[in-house]
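Below is one structure; the comments refer to it alone.
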Amino acid sequence: MPIANRIPSRVLSLICLLFINVALAQNQAIPLWPEGAPGAIENTDYIEEYAYDALGALRGISKISQPTLTPFLADTALSKGTAVIICPGGGYSHLAINKEGYKVAKWFNTLGISAFVLKYRMPTDLTMDDKTIGPLQDVQEAIRMVRRNSEKWHISADKIGVMGFSAGGHLASTLSTHYDDKTYIPKDQTSAKPDFSILVYPVISMLEGTTHNGSKKNLLGENPSQKSINKYSNAKQVTHSTPPAFLVHATDDKAVPVENSIEYYLALKQHKVSAEMHVYEKGGHGFGLGVFGTHAHWPEDLKQWLLANKLIHDDEVYLFSFFKGNGEDGLHLAYSEDGYTWEALKNNGSFLTPKVGKDKLMRDPCIIKGGDGRYHMVWTVSWTDKGIGYASSKDLINWSPQQFIPVMGHEKNARNTWAPEITYDPSNQQYMIYWASTIEGRFTETKSTKENKYSHRMYYTLTSDFKEFTDTQLLYNPGFNVIDSSIKKVGDRYIMFLKDETLEPAEKNIKIAFSDALSGPYSEASVPITGDYWAEGPTAIKINGKWVVYFDKYVDKQFGAVSSGDLKNWTDISEQITFPKGTRHGTVIKVPREVLDGLKAVK
């Protein structure tokens, strides 16, 4: 990086410090070593120098001997307590402090992560007794400083990571593998171990042919010993205790070969340390947050990794539609951040009053988001009607006029239409609406006098606009009385969660069936996935890699749930979930957080 032409250095330093303070406003730099850095050599001629881009914005800093930590604290409403120490790159000769520091910190803030930009010392014999450990001392103390102040800064002490670009990536990986090195005497026992690391086109190796020669020379000197080379070739220092890592590199990086990231990843893998690596075809070196080509997507990949590791809140939250009582007051909604603890919205009041059907009820509300970006809802309007209710909304607050769809109007002997659901098929841009009905004179072999001679089967119709509908057809006949089906796509197949309504002998449980096509045919129903209690109204969603199926424990008047990672082995997790009092079954979906914010504002 070209360094600004010298004007009187002390004047320039004062001007630059003033510029930084004004530019950063609330992000005031904090001295890392207020009483002086360990092993420092005072050198009044070694003064920081600043470089600017064509628009006058600060681009880089060189000749750093007074390290600082600049906090960018996240909004506590968005935060899960995660923090990251950011080490900009620059070959251990300068720091790309804006592109690989401040800009990245502000991006982290949008995710609810507090970020701390480390202006670490440049290794030089002019200001340090041992220049090879100077930057490591700084990053060790930075981690300790953030951990000591975690309560004040609303940070979780066990969610503090380190991030580095290029030579800053070498420093971050050095901390990750040398966090216990005694480089100075700390003032307390606070750990310097990062909880995770993010390494972007990092220098990892000091070995000839793989290293970045400028970084190696600046850190280790002209003729380092083989012992020193090996010590700071950080892939060689990985152990089972090394923190998990997320790595980013471009194949066409001519400055720091991609083999640096590959070696570190393989070392992590060998020691069974969690790691994820993204190697992009193009991008070169120094692309920061990315501006073009495939590498421009790495921040989104990182976001998904942070989400999977529970370090940030999802941009989406879980929403549950349900009814209370007999469904007479209409649509109720609850939300959850984790899918386990649910809180009612609008003080558990109704968002939409039913207006169609014989009994004007709104039971079993099923909501999905369609291909048109709107939310579509169907529901049971009556115990004995031949149709269902339908409405749509952009925000789940303002709904279209309610519509009665006579899906069984053609069947003279149809007794009911219960628990309708919708599944959207993007391949043909159609919605399948399906429900349970009993038609007098059909499937008499499974009628039960105890169930008022009901013998339900699943039926369906297709529509692309909720105006025109295909003829109603039989969807599923499992050989028993079946209701409350809910269908999800899993890979290239579809899974149907369904209730076996058999009462003689009693089943009243949830089972599953599979199909290669949305409209079937579906396989024989499985053994029950629920326990020895009456369960109905299943609705399913994937949470942290596992399927969770919620259901109404009808007799117990409470909600239950089972979970599975393979759709074969199921664990009852009913004791881990809580729902608002009076919740009856509906549907779980995910919605953007701004939709939830709108719902929360409704009183």
Side-chain angles (χ1 to χ4, degrees), residues 310 313-314 316-354 361-369 375 377-380 396-397 418-421 483-486 488 497-499 508-510 528-544 546-564 570-591 593 595-600 602-603:
K310 300 181 181 180
H313 286 300
D314 200 339
E316 295 182 310
V317 296
Y318 302 100
L319 191 78
F320 198 89
S321 59
F322 63 98
F323 72 100
K324 294 177 63 178
N326 197 34
E328 55 270 79
D329 72 335
L331 173 66
H332 291 256
L333 298 172
Y335 77 96
S336 174
E337 295 283 357
D338 60 5
Y340 287 78
T341 302
W342 294 85
E343 184 175 343
L345 290 161
K346 201 182 176 184
N347 199 28
N348 215 357
S350 172
F351 278 84
L352 183 65
T353 303
L361 302 179
M362 192 170 281
R363 297 173 61 87
D364 322 310
C366 171
I367 299 175
I368 68 163
K369 191 170 187 179
Y375 295 97
M377 178 172 68
V378 291
W379 65 91
T380 303
L396 298 172
I397 300 170
W418 285 357
E421 296 230 0
I483 63 173
D484 294 351
S485 290
S486 180
K488 298 291 182 182
F497 301 92
L498 56 105
K499 179 190 179 186
K508 297 289 187 175
N509 48 45
I510 308 302
I529 66 173
T530 51
D532 187 20
Y533 41 74
W534 282 19
E536 65 182 34
T539 182
I541 197 164
K542 208 167 189 181
I543 300 175
N544 297 328
K546 290 187 175 181
W547 283 97
V548 174
V549 183
Y550 308 97
F551 48 85
D552 191 341
K553 288 186 174 182
Y554 179 75
V555 174
D556 298 337
K557 292 183 170 54
Q558 63 183 15
F559 252 71
V562 292
S563 175
S564 174
W570 295 87
T571 302
D572 195 301
I573 59 170
S574 299
E575 297 302 317
Q576 301 177 36
I577 64 169
T578 58
F579 276 84
K581 186 177 181 180
T583 300
R584 297 297 309 281
H585 61 263
T587 306
V588 61
I589 58 172
K590 295 183 77 173
V591 300
R593 191 168 292 276
V595 170
L596 174 63
D597 292 341
L599 292 169
K600 284 183 173 181
V602 178
K603 304 299 182 182

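Side-chain atoms are counted along with the backbone in the values below, which use heavy atoms only and exclude waters and symmetry mates.
- Ring-plane geometry between Phe551 and Tyr533 is classed as parallel, the angle between the planes falling under 30 degrees on a 0 to 90 degree scale with a further cut at 60.
- Counting only distance, with no hydrogens or angles, the side chain of Thr578 and the backbone of Thr341 share no donor-acceptor pair below 3.5 Å.
- Residues Ile529 and Val562 come closest through the heavy atom pair O-CG1, 3.5 Å.
- Note that CG of Leu319 and OH of Tyr335 are 11.0 Å apart. Values are rounded to the nearest 0.5 Å.
- The OG atom of Ser486 sits 10.5 Å away from atom CD1 of Ile368, with the distance rounded to the nearest 0.5 Å.
- In this structure, OG on Ser564 lies 4.5 Å from CH2 on Trp570, to the nearest 0.5 angstrom.
- Considering all non-hydrogen atoms of both residues, Ile589 and Ile541 come closest at C-CD1, 4.0 Å.
- Closest heavy-atom contact between Gly325 and Arg363: O-NH1, 4.0 Å.
- Taking both residues in full, the closest heavy atoms of Ser563 and Ile573 are given as CB-CD1, 3.9 Å, listed atom of the first, atom of the second, then distance.
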Under the criterion side-chain contact (heavy atoms from CB on, under 4.5 Å), I'd like the reasoning laid out for Phe323 against Thr380: C-alpha separation, chi angles, the key distance, then a yes or no.
CA-CA 11 Å; Phe323 72 100; Thr380 303; over 6 Å; no

Can you check side-chain contact (heavy atoms from CB on, under 4.5 Å) on Phe351 and Leu345, steps first, answer last?
CA-CA 9 Å; Phe351 278 84; Leu345 290 161; 3.8 Å; yes

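- Side-chain atoms of Asn347 never come within 3.5 Å of backbone atoms of Gly349 as a donor-acceptor pair (strictly under, hydrogens ignored).
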Could you walk me through whether Lys508 and Tyr554 satisfy the side-chain contact (heavy atoms from CB on, under 4.5 Å) test, starting with their C-alpha distance in whole Å, then the side-chain angles of each, then the deciding distance to 0.1 Å, before giving a yes or no?
CA-CA 10 Å; Lys508 297 289 187 175; Tyr554 179 75; over 6 Å; no

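- Considering every non-hydrogen atom in both Ala561 and Tyr550, the closest pair reads CB-CD2, 4.1 Å.
- Proximity of Tyr375 to Val591: side-chain heavy atoms (C-beta onward) are separated by under 4.5 Å at one or more points.
- Looking at Pro354 and Leu361, their side chains never come closer than 4.5 Å, going by heavy atoms from C-beta outward.
- Proximity of a side-chain donor or acceptor of Thr530 to a complementary backbone N or O of Ala535 within less than 3.5 Å is not detected.
- Met377 places a side-chain heavy atom less than 4.5 Å from the side chain of Met362.
- Between Asp338 and Lys310, every side-chain heavy-atom pair lies at or beyond the 4.5 Å cut-off.
- A donor-acceptor pair under 3.5 Å is absent between the side-chain atoms of Ser336 and the main chain of Tyr318, judged by distance alone.
- The structure places CG of Asp329 at 7.5 Å from OG1 of Thr353, a figure rounded to the nearest 0.5 Å.
- You'll find the side chain of His332 stays beyond 4.5 Å of the side chain of Pro580, heavy atoms only.
- In this structure, Asn348 CG and Leu333 CG are separated by 10.0 Å, a value rounded to the nearest 0.5 Å.
- Checking side-chain atoms of Thr539 against main-chain N and O of Val588 turns up a donor-acceptor pair under 3.5 Å.
- One finds no salt bridge joining Lys488 and Glu421 here, because no Lys/Arg side-chain nitrogen approaches an Asp/Glu carboxylate oxygen to under 4.0 Å.
- By the 6.0 Å contact criterion, CG on Asp597 is enclosed, its count of non-hydrogen atoms from other residues, nucleotides or ligands being greater than 12.
- A pairwise comparison of heavy atoms in Lys324 and Arg584 identifies CA-CG, 4.4 Å as the closest pair.
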Starting from the C-alpha separation in whole Å, work towards a yes-or-no answer on side-chain contact (heavy atoms from CB on, under 4.5 Å) for Arg593 and Glu337.
CA-CA 10 Å; Arg593 191 168 292 276; Glu337 295 283 357; 3.0 Å; yes

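- Side chain of Glu328 to main chain of Asn326: a donor-acceptor pair is present (N/O by atom type, distance under 3.5 Å, no hydrogens or angles).
- Between Phe559 and Phe320, the angle of the ring planes goes over 60°, which puts this pair in the perpendicular group of the 30/60° scheme.
- Side chain of Trp342 to main chain of Ile577: no donor-acceptor pair is present (N/O by atom type, distance under 3.5 Å, no hydrogens or angles).
- Using a 4.5 Å cut-off on side-chain heavy atoms (C-beta onward), Ile367 and Leu331 make contact.
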